[in-house]
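Below is one structure, written out as structure tokens; comments come after it.
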Amino acid sequence: MAQDEALWVPGTDHAGIATQNVVERIIAKEGKSRFDLGRAAFLERVTEFVTETGGTILEQLRAIGSSCDWSRTAYTFSPQLSRAVREAFVRLHDDGLIYRGHRVIHWCPRCLTSLSDEEAEPHETHGKLYYVRYAAADGSDRSITVATTRPETIPGDVAVAVNPEDERYRDLVGTTVRLPVIGIEIPVIADAYVDPAFGTGALKITPAHDPNDFEVGRRHRLPTPVIIDQVGAVREVLDSKGRVPPELEGLDRFDARTRIADMLGQAGSLVKTEVHQNNVRHCYRCETVIEPRLSDQWFVKMKDLAEPALEAVRDGTIRIMPERWVAVYVNWLENIRDWNISRQLWWGHRIPVWYCDACGRKPIVSRDEISECPHCHGAVHQDEDVLDTWFSSWLWPLSTLGWPDESSADLKAFYPTDALVTAPEILFFWVARMIMAGYHFEGRAPFHTVYLTGTVRDMQHRKMSKSLGNGIDPLDVVARYGADALRYTVIAGMGMGADVMLDPDNLDQSFATGRNFVTKLWNIGRFLLLNVGDGDVQPLASIAKSRLTRADEWILDRLDAAIREADASLGPARPGDERWSERELTQGMRLSEYVESARRFVWNELADWYVEAAKLRVSTEGPDRDVARAVLVHVFDQALRLLHPVVPFVTEALWQRLPTRAANEYLARAAWPAPGESRARAPQFEIARSAVSAIRQIRAEYNVPPGKMVDAVVVGRDARAVGVLGEESDLIGRLARATITASTQGPTGAAAHALLPDGSEVVVLLAGLVDIEKECTRVSAELAQLEKQLASLEQRLANESFVSRAKPEVVEAERTKLGEWSTRREQLASKKRTLCAG
RNA sequence: GGUCGCGUAGCUCAGCUGGUUAGAGCGCUGGUCUCACAUACCAGAGGUCCGGGGUUCGAGUCCCUGCGCGACCACCA
């Protein structure tokens, strides 16, 4: 609408682990595992499954009216995007940024795959801390007690480590101790990694089953016996002959834990156990407790990649909103660790690496399939593993625009893109990595605004999830209330980065905001179209300014204010220069504020006041009818434009029916509104408006029946106000059901009184109804309140510091206020004298 | 353990760089089926801006502190 070509590429990723898990569960019901089916047949099943179900997200996206370019719907597993994945892998490898590492990684014994640091989620767990005594090997009665949460890994121990500074154990360093129950002799070593303050200050070292122990073991050139297999059972897997006692052989790690605790107890080696709280990592897909596992995996070196991504956010090339996430982003990048990109899954991009079975040279990394060794022409086999799904997602802004084809028209036209909108929980998984990929492969940031939304939660503030059953399917909401109601509710209810609470058990109430607004908008449209009728409607520009009424000027003025507010709330789409200015960094993207400005205009100003004011004019034949019609249509047209991005369906449907709409035009393509020049008489209408409110207030207070006409004297503060009130008396009278007399002064007794903000007064004559005592009380209360406020205002203005230090416009405003309030005080005081004297 | 955020009306939250009498939606109370709309209209009640200090002419807004929540990160076995 801002006449700026916009592209939103829809699409999905292949969700490696998640999808594979679901399909494995399905075939498990048939009593099969993926290994029974074999790789090819299994992949067929997954493809089948994805084809059937994969469209749901896109359907939902479409149903809620997302204005995507559906012809470009992308999928990370498509040939085009797969090509980009391979290209990226090969380039990174050629750049020396991909390497194969032998180390302890996070392993899910259920999914049978490794996971990245981000995919292994720490959960607070209440466990036990076991204190186990390791006796000296020399037969003396000396011993060293270690504290461990995982006694089942004792068979894999290769040393006991203490801090080199620790006096308690200094004489033991260099000696050997025996593994309890097992009897193997291991050394006591000193390593600074050990925290002397924790537990006993002595730490058992199990290099194959703990990442830190692995590092310690490497420093001390210790062996790495593996005693837990890939499904998490204890057995002699590698370099561990004679280490696993027969009682533990084949036991699951948790069973082995209780079993070995018993054995240690019987052997007198278990000193004590303590309740202990610590973080245990779980698989982010199946919640299984992660088992650290020693294996060969492909890693991406992250430090060099992180550098420009860090710089981009620091120097304002990319802004992250809300701003508080910047610190989180920076912190993660500064402490970034290498990215394990291999997954021992089948559903994903196979790693483009081949090994020669004959000559056994270095692994061959290739863009194309390889059938024989380029060196010896021997047989080759491809790496069994696939890539982390995020290894394809991190290329999204590039790959969906045609990369690696540098001549791609899309890439030229739309890269770098503008805004990336997503949930904060994938800031690291996705956003940070996309930025790194953008810089590494294309030398530029992939977007310059990162907008992190809040999360939709239920009434207990729980995230919506399948397992809790507290989710809301957008399709249900669309079916019940329409897409616009859903969109309005969520957009209006979500301040920047704030969560929005919706009750899955009470959709009526949860979506009332949006439903009511859309209904209201529709009804305004109905009235308008009905009353404007079929005849030609003149464009507002062709109406002479002198023909506009005060109400016309007022509503046009309010429209301009709404447009200005909306523009300010939305802010600029992209940086004015290469980088965001200090101001721009935090400006804009306030969707809820933009929506509120538009809502207030349409509902509280257009519908509640202008439409009511214009009713008589549009139903009365004559030249003024055309003026009112022109203004109504113009204002509504502009309002629809303003609202279209939020409620596209209902605004488009209404706009199509506007008499001024040209054939074959769409609101979606209409120009975004721009404010016009200011109108002098617009503020005067406020006096009339408050007069109506004041009369209504009095009517309500005295329980005057709605149909009954009353007499009201409207006393202007000055001649000009009286003039305005006189000219608008018909309108005021109609809206307030009163016969209006505008005057410079009014009766003080036997009437109900109300003051207008500008100092004018409304006196409603209620023959025989007025309760003088009530009026006295009211006026007294009002006066007291005013006196208090006036006192503090006077004090402020008498304060020299305020007058000299505050901004001049603030002081000026306070002075004006003082004048107005003083007048009101006098009026009230005189009123009080008359009323309260009886 | 580190970092960050939050605590404003019964509920969910706005309130941006300190400056009119602190706002919205939903809910609540009273009155209206007024010829666009009862998913509406009119009027109204409801707030010690978590507590305590401080800076300032001026604090919901800035600083310190206490209490209560939450998020993220982290190799303390």
Side-chain angles (χ1 to χ4, degrees), chain A residues 122 129-130 146-150 161 193-195 197-200 202-206 210-213 215-216 276 278-279 322 324-328 331-332 335 424-425 427-428 459 461 481 485 489 492-502 508-510 512-531 568-569 583 586-587 590 592-593 596 599-600 607-608 611-612 615 619 693 696-701 703-707 736-737 757 785-786 788-789 792-793 795-796 798-807 809-811 813-814 816-817 821:
Chain A
L129 190 58
Y130 300 80
V146 303
T148 180
T149 51
R150 302 201 57 198
Y193 163 70
V194 181
D195 176 1
F198 187 88
T200 61
L203 173 64
K204 67 188 212 55
I205 301 297
T206 322
D210 183 286
N212 301 301
D213 290 10
E215 293 304 320
V216 174
H276 182 61
N278 67 340
N279 281 326
R324 63 188 136 93
W325 288 104
V326 169
V328 177
N331 191 272
W332 185 74
N335 301 295
E425 58 254 41
L427 179 61
F428 306 142
M459 299 321 275
H461 295 198
Y481 317 111
T489 301
M494 193 180 269
M496 186 187 283
D499 292 345
V500 57
M501 312 303 161
L502 295 173
D508 270 356
Q509 190 177 327
S510 294
T513 320
R515 182 199 56 186
N516 294 356
F517 178 76
V518 171
T519 307
K520 183 72 186 182
L521 185 62
W522 182 254
N523 281 316
I524 296 168
R526 256 187 14 183
F527 166 83
L528 223 109
L529 295 166
L530 200 75
N531 283 275
S569 301
R583 215 186 133 68
T586 54
Q587 208 184 19
R590 264 119 182 130
S592 58
E593 290 176 26
E596 173 56 20
R599 184 203 66 83
R600 200 184 45 235
D608 289 350
V611 161
E612 294 302 328
K615 266 181 181 169
S619 61
S693 293
R696 284 174 177 168
Q697 200 179 322
I698 291 168
R699 294 182 65 114
E701 197 162 329
N703 291 318
V704 179
R737 302 241 165 186
Q785 169 81 4
L786 186 66
K788 232 167 80 183
Q789 285 161 1
S792 87
L793 183 59
Q795 198 177 2
R796 199 177 319 168
N799 186 324
E800 213 155 294
S801 306
F802 168 70
V803 177
S804 58
R805 286 192 222 171
K807 282 187 220 142
E809 58 263 35
V810 173
V811 179
E814 299 284 70
T816 315
K817 198 165 64 184
W821 288 8

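Naming convention: chains lettered A, B, ... in sequence-line order (proteins, then strands); numbering from 1 in each chain. What you see below is based on every heavy atom in this structure, not just the backbone, and it leaves out hydrogens, waters and symmetry mates.
Between A:Gln697 and B:G44 there is a side-chain polar atom (N or O) within less than 4.0 angstrom of OP1 or OP2. Phosphate proximity of B:C69 to A:His461: absent, as no side-chain N or O sits under 4.0 Å from OP1 or OP2. Note on A:Lys615: a side-chain N or O is less than 4.0 Å away from OP1 or OP2 of B:A36.
Considering only side-chain atoms of A:Glu596, the nucleotide from B:U12, B:A24, B:U39 that sits closest is B:A24. Ranking B:U21, B:C41, B:A77 by closeness to the A:Leu203 side chain, first place goes to B:A77. The side chain of A:His276 sits closest to B:A77 out of B:A36, B:A77, B:C57. Among B:C41, B:C76, B:U21, the nucleotide with an atom closest to any side-chain atom of A:Arg796 is B:U21.
Here B:C72 sits opposite B:G2 as a Watson-Crick or G-U wobble pair (both hydrogen-bonding atom distances under 3.5 Å).
Comparing A:Thr513 and A:Gly493 by the nucleotide of RNA chain B whose heavy atom lies nearest to each, the residue mapping closer to the 5' end is A:Gly493. Position along RNA chain B of the nearest nucleotide to A:Ala197 versus A:Gln509 favours A:Gln509 as the more 5'-ward residue.
Nucleic acid contact class of A:Arg515 (heavy atoms, under 4.0 Å, all strands): base.
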Evaluate A:Ile524 against A:Phe527 for side chain to side chain contact (heavy atoms under 4.5 Å, CB included), listing each step before the verdict.
CA-CA 5 Å; A:Ile524 296 168; A:Phe527 166 83; 5.9 Å; no

